[in-house]
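First up is the structure itself, then whatever we jot down about it.
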Number of protein chains: 2
Amino acid sequence: MLPFQEFKKRMAPSIEIICRDIIQENKGVISVKKEAVAVKNMMRILDAVFSLNREKGFETMTLRDLSRKSGLSMGALYSYFPGKEELRSMILRRGVAYTREVILAQAGTCTDPAEKLKVAIETHLYLSEALRPFFYFAYMEASSLSKREKRRAMEDELTTEQIFLDILEEGVASGDFDCPEVDLVAALIKAVLQDWYLKRWKYKRKGITVEQYARFVVGFVSSRLTLDR
Amino acid sequence: MLPFQEFKKRMAPSIEIICRDIIQENKGVISVKKEAVAVKNMMRILDAVFSLNREKGFETMTLRDLSRKSGLSMGALYSYFPGKEELRSMILRRGVAYTREVILAQAGTCTDPAEKLKVAIETHLYLSEALRPFFYFAYMEASSLSKREKRRAMEDELTTEQIFLDILEEGVASGDFDCPEVDLVAALIKAVLQDWYLKRWKYKRKGITVEQYARFVVGFVSSRLTLDR
DNA sequence: GTCTATATACCGATAGAC
DNA sequence: GTCTATCGGTATATAGAC
């Protein structure tokens, strides 16, 4: 089992990389052209957004709050995003992309279904730990999205779940897993993984590390899947 | 296993009862004195709040939205709650109270730990199904509360979890359950129960009923708890 | 590229007629 | 008890100086 710190160093994108990717992806609506300047300020914006999101939620956060906390003026902020809603979208889109990429890359290194499931669970937990502000933001903001964006958020939920469903079905087909309700198990795994980043305070209070939690989840699910063997 | 419809009819409070309880509990700040009138309008307010909460979130909802949807004027609304934040609190407080009361009452009818656990899980799922708008509201609004209220929401989370923890520990003590990590299992149960009302669209899409989900969760958890016997 | 100053709109809340 | 009309405050967003 890869220690979390090792994973974070090698596999998780840094805030700097994330900001560069966001800028790259939204060149059309960002008027600042020097990448070095843009990245530096985007990092301050993201930090401030995540901090304010944790304190009071994105909805309640005003652009004046964001201006104050990031150190950029109201006018300057609008050089980095065309409006408050678009800022939200820019952040969400990137977070979802990383999740899929990293988990699939890691799970792809295994062939044995049980091992693949273990790695997928661990990777999801580790990534959500490394990019916790992202995950928390993505989940919490799902409630106040437009119809169109809510639809996308639902698809994202199913996309992640599908990764686990594929692994489970593969294991059932090969005879490694014994489980009649694969789709419910996949949903359960997703729910339990979400709990880690949504209720971090709870686990922190109990002194549970992400490695311990990963071991528990893998053990709990695996023991059920291989019950009769 | 009690069918959901049976439970709903016998155990769950109706919207009318809920509104009467809310009015009773907040007499001091509600200026409308005729109970029949107050209940009728409070029902329209609650319906509108839950509807708008689902559409756009409580934060984004304006009192003008609420006025339009409920059919009451801005001025009239203020006869039923002293302000937007207080309206939120009034609703949350009641929802939490029902959860605890109903689950403890139902689980109290059993003595066998396995049976008690089964009933507690079923009751939580059934109640969250019957009062889904409440549960969804309570969960979603936990993110944008004041520090003081967030603290209360955290305590509520732990309160529900404690109910399951107590049952698990009782079962371990009596030798009915074999489980070294009771607190993690309790947290897992809570997370999975939450998924039902937070992601109803997902389960609806898959055609899963609350009875099926309850059976799955009870089975999944129980099989793990009695693994070596 | 970043700032200050301001336009425009809408918020929560209240006063007072009916 | 419920309404309409309106207050004061603050939001997002922009214009134009530097």
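Interatomic distance, L168(A) CG to E161(A) CD, rounded to the nearest 0.5 Å: 10.0 Å.
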Produce a footprint string for nucleotides 4-18 of chain C: one letter per nucleotide, 5' end first; B if the base is under 4.0 Å from any protein heavy atom, S if only the sugar-phosphate is, - if neither. B------BBBB----
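The CG-P distance, from L77(B) to dG1(D), rounds to 15 Å in whole Å. To the nearest angstrom, P of dT2(D) lies 9 Å from CZ of R44(B).
N26(B) places a side-chain N or O within donor-acceptor distance of the main-chain N or O of I22(B), the cut-off being under 3.5 Å.
Taking the six-membered ring where the residue is Trp, F135(B) and H124(B) present perpendicular rings, their angle passing 60° and hence far from 30°.
Partners of E155(B) according to the side-chain hydrogen bond (donor to acceptor under 3.5 Å, both in side chains) rule, which considers only residues two or more places apart in sequence or in another chain, do not exist here. In terms of the ring-ring contact (aromatic ring centres under 6.0 Å, His included) criterion, residue partners of F216(A) (sequence neighbours excluded) are, by chain and number, F220(A). Listed by chain and residue number, F4(B), F7(B) satisfy the ring-ring contact (aromatic ring centres under 6.0 Å, His included) test with Y126(B) (two or more places apart in sequence, or in another chain).
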Working for side-chain contact (heavy atoms from CB on, under 4.5 Å), residues M11(A) and L127(A): CA-CA 8 Å; M11(A) 311 298 306; L127(A) 191 65; over 6 Å; no
I would like to know whether F134(B) and F50(B) meet ring-ring contact (aromatic ring centres under 6.0 Å, His included); could you show each step before the answer? CA-CA 8 Å; F134(B) 256 102; F50(B) 289 148; 5.2 Å; yes
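Residues from residues 30-38 of chain A that place a heavy atom under 4.0 Å from any atom of DNA chain C, listed by number: V32(A), K33(A), K34(A), V37(A). Remark: nothing in residues 18-29 of chain B comes within less than 4.0 Å of DNA chain D through any heavy atom.
Judged by distance alone, the side chains of K199(A) and Q194(B) do bring a donor and an acceptor atom under 3.5 Å apart.
Listed here is the closest heavy atom pair of D195(A) and A187(B): OD2-O, 4.0 Å.
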